[in-house]
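Order of the sequence lines fixes the chain letters, A, B, ..., with proteins taken first and strands second; residue numbering starts at 1 for each chain. Side-chain atoms are counted along with the backbone in the values below, which use heavy atoms only and exclude waters and symmetry mates.
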There are 4 protein chains.
Amino acid sequence: MSSGARRSEEARRAILASALAITGELGYERASIEAIARRAGSGKQTIYRWWPTKAAVLQEAVEDANGASTAFPDTGEVVGDLRSQMHGVVAFFVDPELGPVFRGLIAAAQSDPEVADATLRSLFGPRRQVAINRLVAEQQRGRLDPQADAELLVDLLYGPLYYRLLVTRGVLDDHYVDQLVSAVVVPLTR
Amino acid sequence: MSSGARRSEEARRAILASALAITGELGYERASIEAIARRAGSGKQTIYRWWPTKAAVLQEAVEDANGASTAFPDTGEVVGDLRSQMHGVVAFFVDPELGPVFRGLIAAAQSDPEVADATLRSLFGPRRQVAINRLVAEQQRGRLDPQADAELLVDLLYGPLYYRLLVTRGVLDDHYVDQLVSAVVVPLTR
Amino acid sequence: MSSGARRSEEARRAILASALAITGELGYERASIEAIARRAGSGKQTIYRWWPTKAAVLQEAVEDANGASTAFPDTGEVVGDLRSQMHGVVAFFVDPELGPVFRGLIAAAQSDPEVADATLRSLFGPRRQVAINRLVAEQQRGRLDPQADAELLVDLLYGPLYYRLLVTRGVLDDHYVDQLVSAVVVPLTR
Amino acid sequence: MSSGARRSEEARRAILASALAITGELGYERASIEAIARRAGSGKQTIYRWWPTKAAVLQEAVEDANGASTAFPDTGEVVGDLRSQMHGVVAFFVDPELGPVFRGLIAAAQSDPEVADATLRSLFGPRRQVAINRLVAEQQRGRLDPQADAELLVDLLYGPLYYRLLVTRGVLDDHYVDQLVSAVVVPLTR
DNA sequence: TAGTAAACGAGACGGTACGTCTCGTCTTCTT
DNA sequence: AAGAAGACGAGACGTACCGTCTCGTTTACTA
C-alpha cells in the first residue's frame with residue numbers, strides 16, 4: 001500500500017546525539033538547529049521534517065537516553081523505594097549532558113506552551129505520577145497516614161529538587177534527597 | 001569637572017515600562033531589545049548603554065515595580081507571617097505582567113550564569129533569606145523545634161511554589177500556600 | 001526474450017505536457033522539476049533518468065509540439081517564401097505556451113553552455129540554416145545580388161525578431177516581418 | 001531634520017564590485033546574493049536594504065562601471081558616429097566582466113517583467129533612443145533618405161548584435177559592426 | 001551667554017540563525 | 001527494470017535580531 005523511502009534511523013540517531021552533545025557543550029540557547037544539523041552531518045530539512053522544534057528534538061533525545069526511567073522500584077519498603085527513584089532523578093539532573101537539557105527544556109517551556117505540555121506529559125509528569133500512585137497504594141495498605149495528601153507530599157519531595165536545580169543552584173545529591181524523604185515521609189509512616 | 005547631558009529618567013522609565021508590557025504580551029523570548037526600544041520610542045543604544053542584557057532590563061523593571069517586597073512582616077506569630085509573605089510571592093507569580101517576567105528570568109538563567117547570579121542575588125535570594133532568618137529567630141525564641149533545619153524548611157515551603165510555577169503549572173493560590181505551611185511548619189511549632 | 005520494463009511513453013508524454021503547461025503558466029524560472037513531476041504524476045527520478053536538465057525537457061517538448069517546422073516553403077518566389085517562414089517563427093514566438101518556453105530556453109542558455117549548444121543545434125540553428133541555404137541558392141539562380149553576404153542578410157532578418165522578443169518587447173507580427181523583408185531583401189532581388 | 005547613520009559608500013562599492021566579479025566568474029545564475037555578500041564582506045541585509053533583487057544590484061554595477069556611455073558622438077559624420085557608438089556597445093558585450101552581466105540581465109528579464117522594464121529603461125533603451133534621434137536629425141538635415149523608418153533602421157543595426165550575443169554566439173567585433181552599418185545605413189545616405 | 005560634552009533618536013552595519021524551498025541523489029516498495 | 005513516492009545532504013532564499021557604530025539633535029553643566 002505505502003511506498004517511498006523510509007525514515008533513516010541513521011540520520012535520526014546522529015541528530016539526537018548531536019543535539020545532546022551541543023546542548024551539553026554550549027547550553028540550550030546556543031544550541032541552534034543549524035549547528036545540530038552541521039555536527040550531525042545532516043540537512044536542516046531532515047530535522048524540520050521530523051521535529052517541530054529544537055525542544056522536541058531534545059525531548060526525544062532524553063527519552064532515548066533514558067528509556068525505562070519511569071519505572072518505580074518496589075521492594076515493599078516505600079521509604080527506600082522513594083529514595084531510589086529520587087536518586088535516579090537527581091542523577092539525571094546532575095548529568096553533564098542531560099542536566100543542561102532538562103534545564104533548557106524547562107526554560108523553553110516558559111515561553112512555549114506546547115513545549116510545556118509535551119515535556120510535562122512525557123518527561124516530568126510520569127515520574128511524578130508513579131510516585132503519587134505508590135504513596136496512595138501505601139496508604140491503602142495502611143502503612144502511610146491516610147490523612148496525608150499524596151499530591152502535596154510529592155510536591156514537597158520534588159519541588160525542592162527543581163527549586164535547587166533551577167533557582168538556587170544549591171547542592172543536589174543523594175544526601176539532600178535523604179533529608180527530604182526523612183523530613184516529609186518518614187513521620188507519616190507506620 | 002563633569003559636564004554633558006545626564007541620564008534621562010524619562011527614557012529609563014519608558015524602556016522599563018515597554019519591557020514589562022511586551023514581555024507580558026509576547027513572553028520573554030519574543031520580547032526583543034529591538035521591540036522594546038521601538039515601543040519605548042528610544043534608540044537601541046540607549047538600552048545597551050545602561051543595561052548589559054534584556055534580563056538586566058527586566059530585573060530592574062521588576063525591582064522598580066516591586067520595591068519593598070523583601071520586607072518580612074513580623075506580628076510575632078510566625079505561621080501567619082510566613083503565610084503573609086508567601087501570599088505576596090504567589091501574588092507576583094500570578095500577576096499577568098510580572099509572572100511572565102519571573103518565569104522568563106528563570107528561563108534565561110538556565111543558559112546564562114550571570115543572569116542566574118543577578119536574579120538570585122536581587123530577586124529570589126533575599127526573599128528566601130528573610131524567611132530563613134525568621135525561622136532561625138523563632139527557634140532561638142523557643143517557638144520552633146530547634147532540631148529542624150531552617151534551610152530545608154524554606155526549601156520545603158518555596159520549592160513547591162516554583163515547581164508549580166515552572167513545571168507542573170498547577171494551581172498557585174493562597175489556599176495551596178496555607179496547606180504547605182500547615183504541613184511543613186505547624187507540626188514543628190510549640 | 002527481452003527483460004525489464006521499457007521506457008514508459010505515457011510518463012514521457014505526461015512530463016512533456018506538464019512542463020509546457022507549467023512554463024506557460026508560471027514562466028521558465030518558476031517551473032521547477034519538482035512541480036513538473038508533481039503535475040505529471042510522475043516521480044522526479046523519472047525525469048532525471050531521461051533528461052539531464054529542465055531545459056532538455058522543454059526542448060524536447062517544443063520539438064514534439066512542432067516537428068516539421070524546419071521545412072522551408074519553396075514556391076519559387078523567394079520573398080514570399082521568406083515571409084512565410086518568418087511568419088511561422090513569429091507565430092511560435094507569440095504562442096502563449098511556446099513563447100515563454102523559447103524565451104526561457106534562451107535565458108537558460110546564457111548561464112549554461114550546454115543548453116546554448118543544444119538549443120542552437122536543434123531549435124534556432126536549423127531555421128537559420130535553411131534560410132541561408134535558400135538565399136545562396138537564389139543567388140546561384142541569379143535572382144539575388146551575388147555580392148550580398150547571405151549570413152549577414154539572415155542576421156538582418158532574424159536579429160530584429162529576437163531583439164524585439166528578448167529586449168525591447170516591441171510589436172512582433174506579420175506586418176513587421178514584411179517590413180523587414182522589404183527593407184533587407186527586396187532591394188537585392190532582380 | 002534628518003537623522004541616523006548614512007548609507008555606507010564603502011559597502012556599496014564593495015557589493016557592486018563583488019557582484020560583477022562573481023557574475024563574471026560563475027555566471028549570472030550561480031551568482032547568489034549570499035556569495036556576493038560573502039565576497040564583499042557585507043551582511044546580506046545590507047544588500048536587501050538597498051536593492052530589491054540581484055538584477056538591480058548588477059544593473060547599478062553596470063551603470064557605475066559605464067556612466068556616460070549613453071553619449072552619442074557627433075562629428076557631423078553620421079556613418080562614422082554610428083560605428084563609434086556601436087563599437088562601444090560591442091566592447092561592453094565582449095567585456096569579460098560586463099558581458100555575462102548583460103546576458104544575465106536579459107535572461108532574468110525573460111522571467112521577471114520588472115527586470116525587463118528596469119533594464120530596458122536604464123540600460124538598453126537609452127542607447128537605442130539616441131541612435132534613433134540621431135538618424136531622425138540626419139533625415140531633417142537632408143543627409144539621410146527621409147523615407148526610411150528610423151526605428152526599423154535601428155532594429156536592423158542592433159538586432160543582429162543581440163542576436164549574436166544571445167542566440168548564435170557568432171563573432172562580435174568592430175568589423176561585423178562595420179558590415180552592418182555599410183549594409184543598412186550607407187545606401188540611404190546622400 | 002557661549003561653549004562643550006554626553007545622552008539621545010535614528011538607523012546602517014557585519015553577522016548568525018531562522019524556517020522554507022528546490023536541487024540532484026538515493027532508497028524503498030509496487031507494477 | 002522502470003516507475004511513483006519521498007527521504008536525504010546541500011545550500012540559497014528573504015527576514016528578524018543581535019550588539020556595535022556612526023550620525024545629527026537636544027540637554028545641561030562649565031567657563
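For C/Ser32 and B/Ser8, each mapped to the nucleotide of DNA chain E holding its nearest heavy atom, the one lying further toward the 5' end belongs to B/Ser8. When the nearest nucleotides of DNA chain E are assigned to C/Glu34 and A/Lys44 by heavy-atom distance, the more 5′-ward of the two goes with A/Lys44. Across the interface with DNA chain F, nearest-nucleotide mapping of D/Pro52 and B/Ala35 shows D/Pro52 to be the residue nearer the 5′ end.
Here F/dA4 presents its C1' atom at 12 Å from CD of C/Glu10, a figure rounded to the nearest Å. If you take CD1 of A/Ile36 and C1' of F/dA10, they are 18 Å apart, rounded to a whole angstrom. Going from atom CH2 of C/Trp50 over to atom P of E/dG24 covers 18 Å, rounded to whole Å. Going from atom CZ of C/Arg39 over to atom P of E/dT22 covers 14 Å, rounded to whole Å. Look at CZ on A/Arg49: it is 16 Å from P on E/dG19, rounded to the nearest Å. Going from atom CD1 of B/Ile47 over to atom P of F/dC17 covers 13 Å, rounded to whole Å. A straight line from CD1 of C/Ile33 to C1' of F/dG6 spans 16 Å, rounded to a whole angstrom. Between the CD1 atom of A/Ile22 and the P atom of E/dA17 there is a distance of 10 Å, rounded to whole Å.
Atom CZ of D/Arg30 is surrounded by 12 or fewer heavy atoms from other residues, nucleotides or ligands within 6.0 Å.
The listed nucleotides are E/dA17, E/dT25, F/dA7; the one nearest the side chain of C/Tyr48 is E/dT25. Comparing E/dA7, E/dC29, F/dA7 by their closest approach to the side chain of A/Arg6 singles out E/dC29. For C/Arg7, whose side chain is taken as the heavy atoms from C-beta onward, the closest listed nucleotide among F/dC8, F/dG14, F/dG3 is F/dG3. Of the candidates F/dG3, E/dA12, F/dG9, the closest approach to any side-chain atom of A/Ala11 belongs to F/dG9.
For E/dC21, the base has a donor-acceptor partner in the side chain of A/Gln45 [N/O atoms by modelled type, under 3.5 angstrom].
In terms of modelled atom types and a separation under 3.5 Å, the side chain of B/Lys44 and the main chain of B/Ile33 share no donor-acceptor contact.
Checking C/Ser122 against C/Gln59 by side-chain atom types alone, a donor-acceptor pair falls below 3.5 Å.
Residues B/Ala21 and B/Glu97 approach most closely at CA-OE2, 3.6 Å, considering heavy atoms.
Under 4.0 angstrom from either OP1 or OP2 of F/dA12 there lies at least one side-chain N or O belonging to D/Arg38. Within the 4.0 Å cut-off from OP1 or OP2 of E/dG9, at least one side-chain nitrogen or oxygen of B/Thr46 is found.
Judged by a 6.0 Å distance limit and a 45° cone about the ring axis, C/Arg12 is not positioned over the six-membered ring of C/Trp50.
In this structure, A/Arg12 reaches neither bases nor backbone, as no heavy-atom distance under 4.0 Å exists between it and the strands shown.
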